[in-house]
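The next block holds one structure in the form of structure tokens; read it before the comments.
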Amino acid sequence: MSNKSKHIHQAAVLMRSQHTGVLSTYSVSMQGYPFGSVMPFLMTEEGNLVVFASDIAQHSRNMQKHNKVSLCVYDGRQSDSQASARVTVLGTAQADAVDAQLQAQYMAVFPQAKSYMQAHDFRFYLISTDRLRYIGGFGEIYWFSLDDWQSHMFNLAASAQGAIEHMHEDHSDALALIVAHQLQRSVVQGQVTMLSCYQHGFHYSCTTDSVTDKDATHIGFICFKQPITKDHGLRQAMVMLTQEARKKPECSNDKAETMSSTT
């Protein structure tokens with residue numbers, strides 16, 4: 001992997017494992033000023049972004065008037081924010097441009113959004129990526145063109161659903177083991193659902209089994225040890241995670257991001 005490819009991979013993993021960013025839009029009410037909003041997002045197979053916003057929200061009105069936006073995502077686990085990795089995506093927003101399959105993927109990852117469907121005229125926006133800026137830490141600053149970004153995306157859409165069904169039907173024990181290892185807590189076999197599968201990892205939901213967190217459902221993302229390519233398939237990626245979970249049950253959960261929990 002070249003140095004440039006390595007940094008694009010790092011940026012993509014950050015975008016997959018973090019699910020909330022700061023959306024900046026051009027203010028309609030305060031001409032000439034940017035307007036920042038905290039916004040959940042889902043990154044598509046192609047590296048574009050999906051957001052779900054109400055028509056009454058200021059950022060929605062801004063996007064409908066001026067469709068050039070940016071979304072900043074950062075690794076909040078670092079104590080020094082200046083040294084943490086972050087990505088700024090510059091893109092073009094379009095309302096009602098998200099197909100039914102992508103909408104379903106978004107709702108799977110953000111189930112709380114289902115209750116918004118009938119409230120306040122929420123709608124989906126597709127933010128088509130135009131350019132990205134990645135900062136990996138001090139002195140690690142890079143611009144990526146659209147061609148750079150998309151050339152490193154490997155689309156699993158044709159095989160993802162079959163892979164998810166296979167994991168549920170034949171390898172639910174391995175799936176529970178992987179999630180338990182990453183979360184560092186007990187997970188009930190058969191109560192782990194693989195929600196998505198991308199080049200860099202997969203979303204899951206699970207019921208945990210602990211004294212302090214009994215019967216809570218968690219949704220998160222687990223990164224593969226290596227990204228899926230034509231030479232490194234999904235089966236290999238899942239085997240590597242399973243082997244790691246079996247060998248090192250005491251390992252930390254650095255690569256599992258718990259996004260939300262409901263009881």
Side-chain angles (χ1 to χ4, degrees), residues 4 6-54 57-95 97-98 102 106 109-110 113 124-150 152-153 198-201 203 219-221 223 254-255 257-260:
K4 185 175 185 178
K6 180 184 75 173
H7 293 304
I8 293 174
H9 170 68
Q10 290 170 343
V13 167
L14 179 61
M15 293 295 294
R16 290 284 183 214
S17 60
Q18 303 294 321
H19 301 89
T20 303
V22 177
L23 178 71
S24 293
T25 55
Y26 185 92
S27 178
V28 174
S29 60
M30 290 289 291
Q31 291 290 318
Y33 286 87
F35 183 85
S37 308
V38 173
M39 179 67 69
F41 72 93
L42 178 73
M43 190 165 81
T44 71
E45 293 271 10
E46 299 79 18
N48 298 318
L49 308 176
V50 174
V51 299
F52 190 49
S54 169
Q58 186 66 56
H59 48 249
S60 295
R61 284 180 273 178
N62 293 343
M63 284 191 290
Q64 290 169 15
K65 183 69 174 180
H66 304 283
N67 64 357
K68 301 301 182 185
V69 304
S70 72
L71 184 85
C72 181
V73 178
Y74 68 96
D75 184 354
R77 297 172 299 178
Q78 300 297 323
S79 58
D80 183 354
S81 59
Q82 291 297 312
S84 67
R86 57 264 201 199
V87 177
T88 299
V89 177
L90 290 85
T92 303
Q94 183 179 357
V98 177
L102 265 180
Y106 182 96
V109 175
F110 300 104
F124 284 96
Y125 290 79
L126 180 68
I127 301 176
S128 300
T129 299
D130 295 319
R131 200 178 181 201
L132 298 93
R133 183 173 176 84
Y134 170 66
I135 300 176
F138 287 118
E140 295 183 70
I141 304 171
Y142 308 91
W143 279 103
F144 303 138
S145 69
L146 178 60
D147 286 343
D148 290 334
W149 188 239
Q150 291 189 336
H152 286 75
M153 295 295 164
Y198 296 102
Q199 173 187 12
H200 305 100
H203 291 99
I219 296 177
F221 186 84
C223 296
D254 285 348
K255 291 191 176 179
E257 300 296 331
T258 300
M259 293 160 43
S260 61

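We count residues from 1, following the sequence as given.
- Atom CG of Asp130 is separated from atom OG of Ser70 by 11.5 Å, given to the nearest 0.5 angstrom.
- Contacts of Asn62 classified as side chain to side chain donor-acceptor pair (under 3.5 Å), with partners at least two apart in sequence or in another chain: Thr25, Gln58.
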Evaluate side chain to side chain contact (heavy atoms under 4.5 Å, CB included) for Val69 paired with Leu71, printing each intermediate quantity in order.
CA-CA 7 Å; Val69 304; Leu71 184 85; over 6 Å; no
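- Distance CG/Asp75 to OG/Ser17: 7.0 Å, rounded to 0.5 Å.
- No donor-acceptor pair under 3.5 Å is formed between the side chain of Thr92 and the backbone N or O of Asn67.
- Taking the side chain as every heavy atom from C-beta outward, Leu126 and Val50 approach each other to under 4.5 Å.
- Side-chain N or O atoms of Trp149 include none that pairs as donor or acceptor with a backbone N or O of Leu132 at under 3.5 Å.
- Judged as a side chain to side chain donor-acceptor pair (under 3.5 Å), and not counting sequence neighbours, the contacts of Ser37 are His59.
- A pairwise comparison of heavy atoms in Ala53 and Ser60 identifies CB-OG, 3.2 Å as the closest pair.
- Contact annotation: the side chain of Met15 never approaches that of Thr129 to less than 4.5 Å [non-hydrogen atoms, C-beta and beyond].
- Looking at residues two or more places apart in sequence or on another chain, you find a side chain to side chain contact (heavy atoms under 4.5 Å, CB included) between Tyr26 and Gln31, His66.
- Aromatic ring centres of Phe52 and Phe110 lie farther apart than the 6.0 Å criterion allows.
- The minimum heavy-atom distance between Val51 and Pro40, with the atom names listed, is CG1-O, 3.7 Å.
- For Lys65, there are no side chain to side chain donor-acceptor pair (under 3.5 Å) partners, not counting sequence neighbours.
- Contact between Tyr74 and Arg86 at its shortest, heavy atoms only, is CB-CB, 3.6 Å.
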Donor-acceptor pairs are to be reported for all side-chain atoms of residues 136-144 against protein atoms at under 3.5 Å, with residues two or more places apart or in another chain.
residue, atom, partner, partner atom, Å
Tyr142, OH, His7, NE2, 2.8

Practice problem: Test side chain to side chain contact (heavy atoms under 4.5 Å, CB included) on Arg16 and Phe221 and set out the steps. | Solution: CA-CA 8 Å; Arg16 290 284 183 214; Phe221 186 84; 3.6 Å; yes
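- Remark: Asp148 engages Lys4, Ser145 in a side chain to side chain donor-acceptor pair (under 3.5 Å) (not counting sequence neighbours).
- In this structure the side chain of Glu45 never reaches within 4.5 angstrom of the side chain of Met153, judged on heavy atoms.
- Remark: Gln94 CD to Asn48 CG distance equals 11.0 Å, nearest 0.5 Å.
- Rounding to the nearest 0.5 angstrom, the gap separating the CG atom in Leu14 from the OH atom in Tyr134 is 7.0 Å.
- A search for salt bridge (Lys or Arg N to Asp or Glu O under 4.0 Å) contacts involving Lys68 returns nothing, not counting sequence neighbours.
- Rounded to the nearest 0.5 Å, atoms OH (Tyr106) and OG1 (Thr44) are 14.0 Å apart.
- For the side chain to side chain contact (heavy atoms under 4.5 Å, CB included) test, residues two or more places apart in sequence or in another chain that qualify with Ala95 are Arg123, Tyr125.
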Determine whether Met39 and Leu49 satisfy the following criterion, side chain to side chain contact (heavy atoms under 4.5 Å, CB included), listing intermediate values before the conclusion. CA-CA 11 Å; Met39 179 67 69; Leu49 308 176; over 6 Å; no
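- With Phe41 as the partner, the side-chain contact (heavy atoms from CB on, under 4.5 Å) test is satisfied by one option alone out of Val73, Val89, Thr20: Val73.
- To the nearest 0.5 Å, atom OG of residue Ser29 and atom CZ of residue Arg61 are 7.5 Å apart.
- Contact check for His19 versus Ile219: no side-chain heavy atoms found under the 4.5 Å cut-off.
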